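Shown next, in structure tokens, is the structure this report addresses.
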Amino acid sequence: MKAAVIVFPASNCDRDAKVALTEMTGKAPAMVWHQDSDLPDVDLVVIPGGFSYGDYLRCGAMASQSPVMRSVKAHAEKGGAVLGICNGFQVLTESHLLPGALMRNAGLKFVCKPVTLKVEETQSAFTRGYNNGQSVVFPVAHGEGNYYADDATLDRLEGEGRVVFRYAANPNGSARDIAGILSEKRNVLGMMPHPERVVDGATGGTDGRALFKSLIETLS
Amino acid sequence: MKARVFVTLKNGVLDPQGKAIGHALNGLGFPQVGEVRQGKLIELEIAGSDADKARADIKAMCEKLLANTVIEKYEIELK
């Protein structure tokens, strides 16, 4: 599986994503600067966590307009896999690759801790390596992870099996405890928790490995 | 021309910041304050003198970048 990680000014999990991908795939991903309009030929694009453009205007709003995102959209439209983590999820909703929006946490506090998630959906390239209903622990670190969409959109996401991860104990007020969702074609996943931070037991857990393994098995 | 764009959360969208401001005002001795909603004011200088064109252009700017219409609405004021 060939992967690329997009780097925006003030991305700060781009290197975590690189380390995780290198560990799992055995080769380093391409690191693509936001001003580049061309993506290398890859199977997976990761939009990492961080504070792209200082979260100016709205989280992810400026990044969604950057030159590289046109190529990411084209990659997604062709059915290519895209994984947006944390700020990457915000960029994906601002780019309309995923529905809804991420708002200020209901408690107004930045939440930084490991959280338990329930894997709600294993029919995806990202989660086929998990068991349905399995509990996993991923860290979260965000101030704006409160997922919002209107009721019709939420019903549709649930009806189509596009809610992939749900919080066991909601840390941010997210609608229907949603932590991660898929696009209609199921090739784009946005999630607030950080699977790339739990691939090495030395840094707190290995529950994220199955996500990357699923992708490698599907995309290689 | 000068334009002001007011971006606010749509009705029905929870505004935790507005709620916190409301609580703080109540605590400061302003019990008459009910619901508080917080928004953004963006001031723009626009070249040209065609107000209709400016308004249409700013609407496009709002739809493309200034507001996230999933959760926000906007009002445009031209001077």
Side-chain angles (χ1 to χ4, degrees), chain A residues 52-67 69-70 73 87 89-111 142-154 156-157 170-178 181 183 190, chain B residues 1-28 30-31 33-47 54-78:
Chain A
S52 56
Y53 296 85
D55 279 350
Y56 289 176
L57 193 63
R58 295 177 307 276
C59 302
M62 315 300 276
S64 72
Q65 305 294 328
S66 63
M69 283 309 295
R70 281 194 286 275
K73 274 187 196 168
N87 187 222
F89 187 9
Q90 295 162 341
V91 174
L92 289 174
T93 57
E94 283 285 345
S95 306
H96 304 296
L97 282 168
L98 290 172
L102 290 142
M103 302 188 48
R104 182 63 68 97
N105 291 348
L108 288 174
K109 286 200 174 123
F110 191 94
V111 183
H142 59 249
E144 313 220 357
N146 179 352
Y147 183 73
Y148 172 87
D150 58 38
D151 281 332
T153 304
L154 293 169
R156 200 168 151 219
L157 287 172
N170 195 330
N172 54 26
S174 192
R176 302 191 193 174
D177 303 326
I178 287 173
I181 56 166
S183 64
Chain B
M1 274 178 294
K2 287 202 166 160
R4 304 212 291 174
V5 177
F6 299 89
V7 181
T8 48
L9 287 173
K10 284 180 176 172
N11 296 336
V13 175
L14 178 74
D15 178 6
Q17 293 181 94
K19 267 208 161 83
I21 294 166
H23 284 306
L25 288 172
N26 293 153
L28 283 170
F30 299 103
V33 176
E35 198 189 0
V36 177
R37 309 278 287 168
Q38 185 192 296
K40 287 188 194 101
L41 162 63
I42 301 166
E43 294 182 326
L44 304 167
E45 265 188 42
I46 306 285
R55 196 171 281 279
D57 288 345
I58 296 166
K59 189 168 186 291
M61 294 175 209
C62 289
E63 295 286 335
K64 261 192 116 165
L65 180 68
L66 299 179
N68 178 346
T69 54
V70 175
I71 47 172
E72 293 171 328
K73 54 190 166 60
Y74 55 86
E75 278 172 48
I76 300 164
E77 190 186 276
L78 261 184

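In what follows, every chain begins at residue 1, and chains take the letters A, B, ... in the order their sequences are listed. Keep in mind the model is a prediction, meaning the values are calculated, not measured.
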Can you confirm whether [X] is buried at [atom1], in the sense that more than 12 heavy atoms of other residues, nucleotides or ligands lie under 6.0 Å from that atom?
X       : atom1 : result
A:Tyr56 : OH    : no
B:Glu63 : CD    : yes
B:Lys73 : NZ    : yes
B:Lys10 : NZ    : yes

side-chain contact (heavy atoms from CB on, under 4.5 Å) between B:Asp15 and A:Arg104, worked out: CA-CA 8 Å; B:Asp15 178 6; A:Arg104 182 63 68 97; over 6 Å; no
Write down the atom of [X], the atom of [Y], and the distance for their closest heavy-atom approach.
X        : Y        : answer
B:Pro16  : A:Ala106 : CB-O, 3.7 Å
A:Met103 : B:Ile71  : SD-CG2, 3.8 Å
B:Val70  : A:Tyr148 : O-CE2, 4.0 Å

Proximal component of A:Asp150, with respect to chain B [non-hydrogen, under 4.5 Å]: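 For A:Asp150, no heavy atom lies under 4.5 Å from chain B.
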Main-chain N/O of A:Leu57 paired to B:Lys40 side chain as donor or acceptor, under 3.5 Å: yes
Separation between CD of A:Glu94 and CG of B:Leu65, rounded to the nearest 0.5 Å: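 It is 8.5 Å, given to the nearest 0.5 Å.
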Between A:Ala61, A:Pro99, A:Gly100, the one whose heavy-atom pairs under 4.5 Å with chain B are most numerous: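 Most pairs with chain B among the choices: A:Gly100.
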Pick from B:Ile42, B:Val13, B:Val7, B:Leu9 with the largest number of heavy-atom pairs that fall under 4.5 Å of chain A: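 Result: the option with the highest number of such pairs is B:Val13.
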